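Below: one structure, written as structure tokens.
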Protein chains: 2
Amino acid sequence: MTTASRPLYAQLADTLRAKIAAGEYEPGSKLPSERALCETYSASRNTVRLGLQRLVAEGLIVASQGRGYTVRRPDVLVYNASRSEDHDRRISAGVDAWVQDIREQGRNPSQRISVSIERAEPHIASRLELEPDALVLVRRRLRFVDDQPWSSEDSYYAYEVVKGTPIAEPGDIQQGVIAYMASMGYVQTRYVDDVTAAMPNPEQVNELQLEPGVPLLIRTRTGYTDDEKPVRVTVTAMPTDRNVLRYELGGPKRG
Amino acid sequence: MTTASRPLYAQLADTLRAKIAAGEYEPGSKLPSERALCETYSASRNTVRLGLQRLVAEGLIVASQGRGYTVRRPDVLVYNASRSEDHDRRISAGVDAWVQDIREQGRNPSQRISVSIERAEPHIASRLELEPDALVLVRRRLRFVDDQPWSSEDSYYAYEVVKGTPIAEPGDIQQGVIAYMASMGYVQTRYVDDVTAAMPNPEQVNELQLEPGVPLLIRTRTGYTDDEKPVRVTVTAMPTDRNVLRYELGGPKRG
DNA sequence: TGGGGCAACTGGTCCCAACAAGTTGAGCCA
DNA sequence: TGGCTCAACTTGTTGGGACCAGTTGCCCCA
């Protein structure tokens, strides 16, 4: 038996994971309490907690003080990244492309926008091709679906370019930002998306109301003009228990 | 002080996280041992371990039995998803697009391929528009960079379509698979990528030699013919401590 | 009958102790 | 000097125990 050498807490995690996969514990249903598992598996509460915490870290179950452990119920919405900069679509809808995306899925989107001026962090500065610590205008966007925090999106512009314009004011002018930049000679024609994921830090946990074990999908979009000047950097953080990022490539529409 | 109400182990994690962010502990350097931290912060070893495990779960540090805790050193390669199906590029190189991508970054790529016939899991079957439990041919690909496991890529085809063809044989025929499918009337012209992330299960930890706290970036690519028939589903699992997924959109080259 | 309070659950935090197992380097022996 | 052993570190696992802090529902009282 390979299980003989495997730690007790890992065996417990394996057992429970298998039962969840087999449907023995359905999404939304409760697991036995820690103390009950102690008796069942003849283990100390310390060991049982280690096993359960492993499943929590995998995102399979959620713990709630006073109520117990429940199997996570998935609720995922699609964010279509390849058409979010589609000019015609944005104009016709009159709203943010993300708002449109969520409405099409029958949900109620909303967002809270704040604007600030900051010194650029290194990875932002290098993408915008600015000197380190150059001033950038940041439009922070916290997005909600049915009044639940869903994702965040922060856009960075070189402050030298946008100061004194409507872009530097709070408010939902997303439908016009790209057009406005274009009117000032900054026409974005090409985008590069870098996608990665990371476990959230405490700030992000608080802002997005994250449960333990949920990774953040992070997309960093850099927009360029025809002559390869970076115009904007957008960092989107999407909890993966509620978001899928979609790209549609090729096909007759694009040639 | 807000710290007064925050648990001890969380305060310890916050303190160490701040020191790492400030560069006080550089990548590759060692943290004080658990027992040393016990004395410094007047906490029990259990509490200290809780704090350290939190940082491990965030992917900031790695633990090694007998050696201590070290600050993780990043080593990330770019996988360009938007040009990996580029026909001309693949033909000219004579190799897998991923192999080409990695070589361009000055590293040594290799892969191990195995082929099997399985019953389709629900999410694969629905994407290929097959009945549940229909037979699919699976080409499993484990990818290495400098002989270290780097990512995995599993491609699924309807068995009815590919049985008896070279595709059903082990070996690296990636440069010809799409062309071969095309010659049989399955011309892929459109792709849909769904990107998400998840914490790995023990199998994936073992296969990809993952350290705790590293999320998997998961891309599910479905390829369609001109008349919207799905041809292939590819699931790529990329540890985020070694991979970034890149999409290049718009621009003069495409549209 | 309505409402409040309390008892009995739940997980969360923290302490102590002991031994297993991996790593490293000093020092001894051939 | 070369190689091996072993002691002294390190983290990993597991067992206790105690008390705090949410949640829920029963039951009693007004």
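Each chain gets a letter, A, B and so on, in the order the sequences are listed, and its residues count up from 1. Not measured: the values here are computed from a predicted model.
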*With pairs defined as Watson-Crick or G-U wobble and both distances under 3.5 angstrom, please note down DNA chain C as a dot-bracket string, | for pairing with another strand.*
||||||||||||||||||||||||||||||

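Straight-line distance from the NZ atom of K30(B) to the C1' atom of dG22(C): 13 Å, rounded to whole Å. For the pair E39(A) CD and dC9(C) P, the interatomic distance rounds to 12 Å; values are reported in whole Å.
In this structure, R139(B) does not pair ionically with E153(B), as no charged nitrogen and carboxylate oxygen lie closer than 4.0 Å. Using a 4.0 Å cut-off between a side-chain N of Lys or Arg and a carboxylate O of Asp or Glu, D14(B) and R6(B) qualify as a salt bridge.
Contact between the side-chain N/O atoms of Y41(B) and the OP1/OP2 oxygens of dC14(C) is not found at any separation under 4.0 Å.
Q105(B) places a side-chain N or O within donor-acceptor distance of the main-chain N or O of D101(B), the cut-off being under 3.5 Å. Here the side chain of N243(B) pairs a donor or acceptor atom with the backbone of P239(B) at under 3.5 angstrom. No donor-acceptor distance shorter than 3.5 angstrom exists from the side chain of T47(B) to the backbone of A43(B), with no hydrogens or angles considered. Using modelled atom types, no side-chain atom of T234(B) and backbone atom of D154(B) make a donor-acceptor pair closer than 3.5 Å. Proximity of a side-chain donor or acceptor of R221(B) to a complementary backbone N or O of A81(B) within less than 3.5 Å is detected.
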*Reading nucleotides 13-23 of chain D from the 5' end, what letters show protein touch, with B for base, S for backbone sugar-phosphate only, - for no heavy atom under 4.0 Å?*
BSBB-BB-BBS

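Both cation-pi conditions hold for R242(A) and W150(A): the charged atom is under 6.0 angstrom from the six-membered ring centre and inside a 45 degree cone around its axis.
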